[in-house]
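Letters go in sequence order (proteins before strands), and every chain restarts at 1. The figures here come from the full heavy-atom set of this structure, side chains too, leaving out hydrogens, waters and symmetry mates.
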2 protein chains.
Amino acid sequence: MGRPRSFDEGTAVEAATALFCERGYDGTGVDDLVRALGMHRGSLYQAFGSKRGLWLRALRAHVGGLAGPDDDLTLLLRAAVERAPTDVETAVLVSAGLARIRSTLPADDDLARVLGERLITRAAPRSTIEEDR
Amino acid sequence: MGRPRSFDEGTAVEAATALFCERGYDGTGVDDLVRALGMHRGSLYQAFGSKRGLWLRALRAHVGGLAGPDDDLTLLLRAAVERAPTDVETAVLVSAGLARIRSTLPADDDLARVLGERLITRAAPRSTIEEDR
DNA sequence: CACGTTCTTGAACGATCGGTCATGAATAGC
DNA sequence: GCTATTCATGACCGATCGTTCAAGAACGTG
């Protein structure tokens, strides 16, 4: 019973994921989330409890969807570097994500190489995939 | 001429480096820096221009001191993931740092593996080096 | 000693931070 | 139609953000 929700929770989590990928956890304000998700502050806090709650939801979904080394690893990288050292729950989810990717690789120690490659690509001054022109 | 500085710039940059390593860029407030550096806000801004100025100073020093794959890469990792995507100067310094490490490795593509290993270690739920007990 | 210069000191700024709360609207069961 | 329950709405909170600024103290030079 009660008033029905006017937003789709999955869609909201996806939008939050996109924002967190682009600006990181600390770089994303609740106002940004409110704007991007198209919901109001109160609704956001009622649905997800806190900014961190929404972050964990997004990360959990991201990790659960990981299928192989070619997936987008942006959120996992940000989580590992920015949040894992100070947020245990994030660290646990990151571990799970790493395990998922590792299990799809021929050799266990290929994981480090895959992660390193992604990191190097993302950190390039002009973070463009194409290299010509 | 003029009044002499009451702090050592190198020491201040080192203290800032430690803080940025521990809490990241966004996670470190100017108040934190002021406390850790033992100087006042005005002095900090006069000496380094801005929080970002101090960050770039610290990162530049860190990158310049990189000698091999066994060095502490925390600041470089944080810079690559947290700042490089949105801060061109940071991205350039990260590139320089990566190049320095790569040049000390037998094969070029070993760099990715080294970085990935560090990332995995740092992201572990209990970020401890020892594994027993 | 007076002057120009550089650094110190700490109060103050507007902006933004994450989070809360009271009010009202929409639904289901009676 | 009444009640209970859930969600929407947006104003509001204190805290913290990065930054600026006016005043004064410490130096070298004339």
Side-chain angles (χ1 to χ4, degrees), chain A residues 1-59 75 78-79 82-83 85-90, chain B residues 1-59 75 78-79 82-83 85-90:
Chain A
M1 61 182 86
R3 181 171 177 169
R5 286 199 169 161
S6 65
F7 65 95
D8 179 61
E9 205 166 292
T11 307
V13 171
E14 281 179 24
T17 300
L19 261 191
F20 283 135
C21 278
E22 189 183 330
R23 316 189 195 178
Y25 181 82
D26 285 323
T28 304
V30 177
D31 280 336
D32 300 325
L33 291 166
V34 161
R35 265 188 294 269
L37 273 59
M39 56 198 311
H40 294 258
R41 293 178 90 79
S43 304
L44 190 152
Y45 274 88
Q46 187 214 288
F48 302 106
S50 65
K51 175 187 171 184
R52 180 168 169 271
L54 178 52
W55 159 265
L56 291 174
R57 276 289 300 270
L59 181 58
L75 196 62
R78 295 205 99 124
E82 298 178 8
R83 297 287 301 162
T86 52
D87 181 345
V88 193
E89 298 193 46
T90 293
Chain B
M1 58 181 86
R3 181 171 177 169
R5 288 203 168 156
S6 65
F7 66 95
D8 178 60
E9 204 166 293
T11 307
V13 171
E14 281 179 23
T17 300
L19 260 191
F20 283 134
C21 279
E22 190 184 329
R23 316 187 196 180
Y25 181 82
D26 284 324
T28 304
V30 177
D31 280 336
D32 300 325
L33 292 166
V34 160
R35 265 187 294 268
L37 272 59
M39 57 198 310
H40 292 258
R41 299 177 88 79
S43 303
L44 190 152
Y45 274 86
Q46 189 218 289
F48 303 106
S50 65
K51 175 187 171 185
R52 180 168 169 271
L54 178 51
W55 159 265
L56 291 174
R57 276 290 301 270
L59 181 58
L75 196 62
R78 294 205 98 124
E82 297 178 10
R83 296 286 302 161
T86 51
D87 182 343
V88 193
E89 299 192 47
T90 294

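- Atoms CZ (B:Phe48) and P (D:dT20) sit 16 Å apart, rounded to a whole Å.
- Side-chain contact between A:Asp87 and A:Arg52 is present, with at least one heavy-atom pair separated by less than 4.5 Å.
- Between the base of C:dA25 and the side chain of A:Arg3 there is a donor-acceptor pair shorter than 3.5 Å.
- Rounded to a whole Å, the CE atom of A:Met39 is 10 Å from the C1' atom of D:dC7.
- Ring orientation note: the planes of B:Tyr25 and B:Trp55 are nearly perpendicular, at an angle over 60° on the 30°/60° scale.
- Contact annotation: B:His40 side-chain N/O to C:dG10 OP1/OP2 distance is under 4.0 Å.
- Taking atom CZ of residue B:Arg5 and atom P of nucleotide D:dG28, one finds them 16 Å apart after rounding to whole Å.
- Listed pair B:Ser6 / C:dC7 fails the phosphate criterion, with no side-chain N or O lying under 4.0 Å from OP1 or OP2.
- One atom, CZ of A:Phe20, and another, P of C:dG18, lie 9 Å apart when rounded to the nearest Å.
- For C:dT8, one of the phosphate oxygens OP1 or OP2 lies less than 4.0 angstrom from a side-chain nitrogen or oxygen of B:Ser43.
- Closest to the A:Gln46 side chain, of the nucleotides D:dC7, C:dT8, D:dG28, is D:dC7.
- Across the protein-nucleic acid pair, B:Leu54 atom CG and D:dT19 atom P stand 11 Å apart, rounded to whole Å.
- Set against C:dT5, D:dC17, C:dT8, the side chain of B:Asp31 has D:dC17 as its closest nucleotide.
- Of the candidate nucleotides D:dC7, D:dT9, D:dT20, D:dT20 has the atom nearest to the side chain of B:Tyr45.
- Within the 4.0 angstrom heavy-atom criterion, base atoms lie near B:Gly42.
- Along DNA chain C, the nucleotide nearest B:Gly2 and the nucleotide nearest A:Thr28 are compared for position; the residue whose nucleotide lies closer to the 5' end is B:Gly2.
- Without hydrogens or angle criteria, A:Arg78 side chain to A:Cys21 main chain gives a donor-acceptor distance under 3.5 Å.
- Separating the CZ atom of B:Arg35 from the P atom of C:dT9 is a distance of 17 Å, rounded to the nearest angstrom.
- Between B:Arg41 and C:dG10 there is no side-chain N or O to OP1 or OP2 distance below 4.0 Å.
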Quiz item: side-chain contact (heavy atoms from CB on, under 4.5 Å) between B:Leu59 and B:Phe20: does it pass, once the steps are laid out?
Solution: CA-CA 9 Å; B:Leu59 181 58; B:Phe20 283 134; over 6 Å; no
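- What separates CG of A:Leu37 from P of D:dG10 is a distance of 16 Å, to the nearest Å.
- We find that CH2 of B:Trp55 is positioned 16 Å from C1' of D:dG18, with the value rounded to whole Å.
- Comparing B:Pro4 and B:Asp32 by the nucleotide of DNA chain D whose heavy atom lies nearest to each, the residue mapping closer to the 5' end is B:Asp32.
- Two residues are said to be in side-chain contact when any heavy atoms from C-beta on lie closer than 4.5 Å; A:Arg41 and A:Val30 meet this criterion.
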